[in-house]
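Down below is the structure, laid out as structure tokens.
It should be emphasised that the depicted structure is a prediction, and the values quoted were computed from it without experimental measurement. So you know, we letter chains A, B, ... as the sequences are listed, proteins then strands, and number each from 1.
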Protein chains: 2
Amino acid sequence: MTVLTSTDPRTGESRDTGIAATDDAAVAEIVRAAASAFPALAAEDRAWRAGLLDALADALEAQRDALVAIADRETGLGVPRLTGEVGRSAFQLRLFAEAVREGGYLEAAIDHAGETPIGPGPDIRRMLVPIGPVGVFGSSNFPFAFSVAGGDVASALAAGNPVVVKAHGSHPETSAATFAALAGAARQHGAPDGTLGIVYGTGAGRALVAAPELRAVGFTGSLGGGRALLRIIEERDEPIPFYGELSSLNPLVVTPAAAAARGDAIAEGLFGSFTLGSGQFCTKPGFAFVPVGEAGDALVAGLVGRAEAAPAGVLLNERIADSFGEILARLVQEGRARIAGGGTDAASPGFRASPTVLELDAADVTADVTEEAFGPLIVVARYRDTADVVHALAAVPDSLTATIHSEPAEESLTRELTREVLPRVGRVVYNGYPTGVRVAWAQHHGGPWPATNTLHTSVGVTAIRRFLRPVAFQDAPEHVLPEELRDAYRGIPRRIDGILALAGS
Amino acid sequence: MTVLTSTDPRTGESRDTGIAATDDAAVAEIVRAAASAFPALAAEDRAWRAGLLDALADALEAQRDALVAIADRETGLGVPRLTGEVGRSAFQLRLFAEAVREGGYLEAAIDHAGETPIGPGPDIRRMLVPIGPVGVFGSSNFPFAFSVAGGDVASALAAGNPVVVKAHGSHPETSAATFAALAGAARQHGAPDGTLGIVYGTGAGRALVAAPELRAVGFTGSLGGGRALLRIIEERDEPIPFYGELSSLNPLVVTPAAAAARGDAIAEGLFGSFTLGSGQFCTKPGFAFVPVGEAGDALVAGLVGRAEAAPAGVLLNERIADSFGEILARLVQEGRARIAGGGTDAASPGFRASPTVLELDAADVTADVTEEAFGPLIVVARYRDTADVVHALAAVPDSLTATIHSEPAEESLTRELTREVLPRVGRVVYNGYPTGVRVAWAQHHGGPWPATNTLHTSVGVTAIRRFLRPVAFQDAPEHVLPEELRDAYRGIPRRIDGILALAGS
């Protein structure tokens, strides 16, 4: 039996957790329990399920301080950030509860029987239903909001599915404590056994993805990790959707007028954004275009000065620290990038990296200098004109976000830059920073490959669509229909004979 | 240069079409043209695009008789059916035009900046946008409605994407003539060159799926063909969604009371359904549960009598005819199935099969007797009680549809059967037949693997979602926003600060 260790990234010291890696037989058992729970769980009504999500949110907040203390020891992310993250996770669960009550996500539609231009049509009624057990891989960098209590779990449960989480190896004790809180609340709410499960260890993750009863996988992690799981899915007898949020460089463009008007404010904001959580955000701006010339020079100097003055930040684990050092070395070895401020920090204990700014000419931007470095590093490309930016963007992998800093007078330039970045990303941010993803109805956290491999979001209410499938009933007697598809029901928005009708109407 | 042949399935005679198989270089060129067309196409507004779809529908109808004549020679499906299919395809294009004008499919949402329970949130606006060039594989069995003028093409175009069709080898001349009609209408409407493309030949299909610029694939065909294309996708540098509609047995259950009350009507309807289009429908009821006893015997006798009296039907091509014979032989060799009526027809010219009924005990239902036979064949399983049906259903692969024939007094049985079949299918039909898929807002044509590999439909308005991706704008100046996301716009339904608002409100 392999017992997992928990490492304090501030000291590098490990200790045994007493948590055993889940063996394949146990994974199979846990997934079977999820499959067994599914019919009963799916049969509960939306009010019950919204109540479950609210109960999970309450349990999370009730245990907040204890959970934050464990997570701080395992991640080094600090109490304020982690406290906020628990709050964000609870808010997320409650937002899904609200969406479940509202019911629009069911996409309910009724086409009554009748004549059509091509003959008589039967009565057809459609809505979305849950798909079955969902596997969710916790991430290293969000021990709450993208882990056991995170958005994938919340959206899969909101849809009506049992969930089996694969705990991230970087914070096993946080995962176990969070799971205990959520599973206890679920039990108290009357959720069937098997509604929530958890497995530990890399091998368990592989076994989870391969489990025949699994119906979808949510994953937030590295491109390499995602590709490895995709290969397991390709070998399954039945393919299942894999929703991977994988890799993102998040280019940011500062126009000449923006650099001139508020270069120092941008330096301040950009520094804060690329070093937030020691730069360990999938939305970290990892690549910035700054104009040549005095204003751009001042902006870069502002970044470099802040980087030089800042202490090293704690990285989540040894693998991330090693990888950060390797990628930094590759970027510098490329020879075209000038290192300015920061660099790795081998002298301190634990896993640390100093804020690092690399600078190069936009003309030298190739795939070699657009490798994502998970950590407090930004590459600044200096450009002469918009054509430089457009040309260099071709070497930037598609991303979750792009950011444009421009001035109100630059309408045509802002539109041109928007046209250039929009096909490459899932979200465009104006005069702000991509870190900090609002959990909301209109959010989209996704983007073209390699940012993700899906046409769906993993943050915001519409993330629920990933874990639902449509069913249609043809000429069904009313008593077999879900309540939401009966004629007299008015509780949710529905599309009736092609016309959208609000709830109550 | 390989020139494609066109074969008349009524005679088996082939002739050169003069249409060359598209070589890899030409496929690459056609996909590049589609990619080049994409920005201009995506920039057109919804009114323009709805007009394009209407223009395509008009062109199709204007050429109807000529197209039907070609298709009848290549498919043997008959003039009435093919005339109906052109009408259905035109209706489908117009329904998507209506959906594009209505705009609900954009899923537009606005969350204004403001305080939230976890702090201030930025302004976020989300909607769906087209993804880029889509490859569509025409099917053998619907030369119009699931081919060049079919639902995948209509929904991909409606979403705003260029489309490259891979013509089915069974009807190259129909494909070429349909393409000429549609491409001419698109040109006249002002669509950019490259909006519509077509390629011919199996190798061209492979090259299409591998083309780096392609963004999604729509496929209606065999499980084997779908799996082969999935393997090509797995080898791409960038994975893309593959929407495959693959295989379906479409189980149908007749309850004891239904058999007693209207056994002969069911025999009539079921016979019509499993022999429609010579049984070459993905929604053909291929497996029926009929109770033991007198009423069930009479129902089966009604099926067998009709099968014996009916002439052989024409099959679409030699491959389907060969496969039908092989599968029939396997099913009969299984030894547990009694053949009753019909069988293959080797004596007539061309490719033909007679309506065929196989009968066995529900207790003998295994995976060996639930192989889909594309053609006029149905397996009837005789059951003693509902437990027999439930047990046997485990051996029936998940399907596009399931059908329940029951009487009004059997409410609890009907609910039980619904509970059993719903997790296994995409559509449940009551007291009707699964062939004939209404093209409508509420339709769902999909189902769990191996019926499809997707959580989306390929028929009905919501099929458009497959070819769209979300984007979000954060704190965007109004002038960069799509019209549909501006505050003053009222032309479509939108979700504003979580509240759904109808157009005009």
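Looking at A/Q443, its side chain never comes within 3.5 Å of a backbone N or O of A/A440 through a donor-acceptor pair. Between the side chain of B/R438 and the main chain of A/P122, a donor-acceptor pair closer than 3.5 Å is present.
Counted by atom type alone, B/N250 and B/S399 present zero donor-acceptor pairs between their side chains at under 3.5 Å.
For B/R231 and B/E235, the salt-bridge test fails: no basic side-chain N is under 4.0 Å from an acidic carboxylate O.
Contact of B/L500 with chain A is made through backbone and side chain together, with heavy-atom distances under 4.5 Å. Heavy-atom distances place no part of B/R94 under 4.5 Å from chain A, backbone and side chain included. Heavy atoms closer than 4.5 Å to chain A are found nowhere in B/V461, neither backbone nor side chain. In this structure, chain B has a heavy atom under 4.5 Å from the backbone of A/R466, while its side chain stays farther away. With a 4.5 angstrom heavy-atom cutoff, A/V439 does not touch chain B via any of its atoms. Contacts of B/L468 with chain A are made by backbone atoms alone, with heavy-atom separations under 4.5 Å and no side-chain atom involved. For A/N431, no part lies near chain B; criterion is any non-hydrogen pair under 4.5 Å. For A/R227, the part lying near chain B is the side chain, with the backbone staying farther off; criterion is any non-hydrogen pair under 4.5 Å. Only the side chain of A/P241 comes within less than 4.5 Å of a heavy atom of chain B; its backbone N, CA, C and O stay farther away. Proximity to chain A involves both the backbone and the side chain of B/P470, based on heavy atoms less than 4.5 angstrom apart. No part of B/S406 comes within reach of chain A, as not one of its non-hydrogen atoms sits under 4.5 angstrom from that chain. For chain A, no part of B/E98 is nearby; none of its heavy atoms comes within less than 4.5 Å. Contact of A/Y433 with chain B is made through the backbone alone, with heavy-atom distances under 4.5 Å. Residue B/T116 touches chain A through its side chain alone, counting heavy-atom pairs closer than 4.5 Å. For B/A402, no part sits under 4.5 Å from any heavy atom of chain A, backbone or side chain. For B/D398, no part sits under 4.5 Å from any heavy atom of chain A, backbone or side chain.
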> Taking it one step at a time, do A/L481 and A/R125 satisfy side chain to side chain contact (heavy atoms under 4.5 Å, CB included)?
Replying inline: CA-CA 9 Å; A/L481 286 171; A/R125 296 167 190 241; 3.7 Å; yes

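Ring geometry for A/F473 versus B/Y430: interplanar angle under 30°, hence parallel rather than tilted (30 to 60°).
Exactly one residue among A/R494, A/R465, A/R495 makes a salt bridge (Lys or Arg N to Asp or Glu O under 4.0 Å) with A/E107. That residue is A/R465.
By number of non-hydrogen pairs under 4.5 angstrom with chain B, the leading residue of A/G121, A/P239, A/G132 is A/P239.
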